[in-house]
Amino acid sequence: MDELERSIGDLVIANRILATENVVDAYGHVSIRHPLKPDRYLLSRSLSPEFVTRDDIIEFKLDGEPIDDKRPPYLERFIHGAIYEARPEINAVVHSHAEDILPFSISKTPMCCVAHVASDKGTHVPVWDIADKFGDETNLLVINMAQGRDMARVLGGNSVVLMRGHGFSAAAEGLLKLVRMAVYLPRNARVLLAAMRLGEFKALSEGEIRTRNKFRPGAPEMQRGWEFWARRAGCGDMLKTSKGGV
Ligand SMILES: [Zn+2]
C-alpha cells in the first residue's frame, strides 16, 4: 500500500472516530492535505462521516473544485481549502456542529482551556461571525471561497475558530492532533460551563499550555489515543496499514 493509500485510510479512520465520539453527526467533515500534491486536499463526497469509506474520498483543488468526480460534494468544503491556502503548515482540517461549544460562539465568554487534555487548542480561540462581512441574511454556512477565506482570516495562526451560532473549525499539522483536539474541545466546553455554574474557576496558564503542546504524534502515549479511538470506532483492522495519524 503506497503513501497516498495509507493517508486515505487514516482519513477514513478519522471520519469514523469523529462520528463515534459525537464530534460530528449527519453533518460535519474532516479532510487532509494531499500528501503528494500540497495544492490539493482529500475530503469525502457529501456523506455522513460515520459511513465514509475509501471509495468516497474525492481530491479537490484548494478552490473547492473536485478533480474528475461528479458526485455531490459537501456544501461547506470551502472551509478546508481556505485554511490550507492560508496555512502551509496545516495538513488536516475538521468542521463540526458540536453543540457544546455553541454557547461560546454566541456570548462574550471566551473558550479558555480548563481541561488539560484540551490544551491542543492553544491559548486563544477566536469567534468568527459570518454577519460581520456577509450580512444578516446568510444561511450561516460557508458556501464559497470568500466566506471560507474570511473565516480563515479570523482563525489566523490559531488552532480553532468558533463560528457564531453554527459550530467550529479546527486545523492541525496532522490528523492525530486534529482528532485529539476535536474530541476534547466539546469536553472542555462542558467542563467550563459546569465550572462557571460553581462560580470562579482557574484556567490553564499560557505556560502550561505551551509546555503541554510540545506534541510528538509518534510518541507511544499519543499513538495509544489513536489506537483507542480507532478500535472504538470499529477500525481496528485498518490499524495494520495506518500511519497513526502522523
Ligand atoms: Zn457547518
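Counting starts at 1 for both ligands and their atoms, following the listed order.
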Take Lys61 and Asp63, measure what salt bridge (charged side-chain N to carboxylate O under 4.0 Å, His left out) needs, and give me the verdict at the end.
CA-CA 5 Å; Lys61 292 192 211 167; Asp63 66 4; 5.3 Å; no
Apply ring-ring contact (aromatic ring centres under 6.0 Å, His included) to Tyr84 and list each qualifying residue two or more places apart in sequence or on a separate chain.
Tyr41
Under 4.5 Å side-chain linkage, directly or through intermediates, the cluster mates of Leu204
Ile209
Electrostatic pair Glu227:Arg231 at N-O distance under 4.0 angstrom:
yes
How about the Zn ion (ligand 1), which protein N, O or S atoms come within less than 2.8 Å?
Glu76 OE1, His95 NE2, His97 NE2, His166 NE2
Can you list every side-chain hydrogen bond (donor to acceptor under 3.5 Å, both in side chains) pair that touches residues 169-196, not counting sequence neighbours?
Glu21-Arg187, His95-Ser169, Asp100-Arg190, Asp120-Arg180, Glu173-Lys177
dist Ile130:CD1 -> Leu141:CG (nearest 0.5 Å) comes out at 7.5 Å
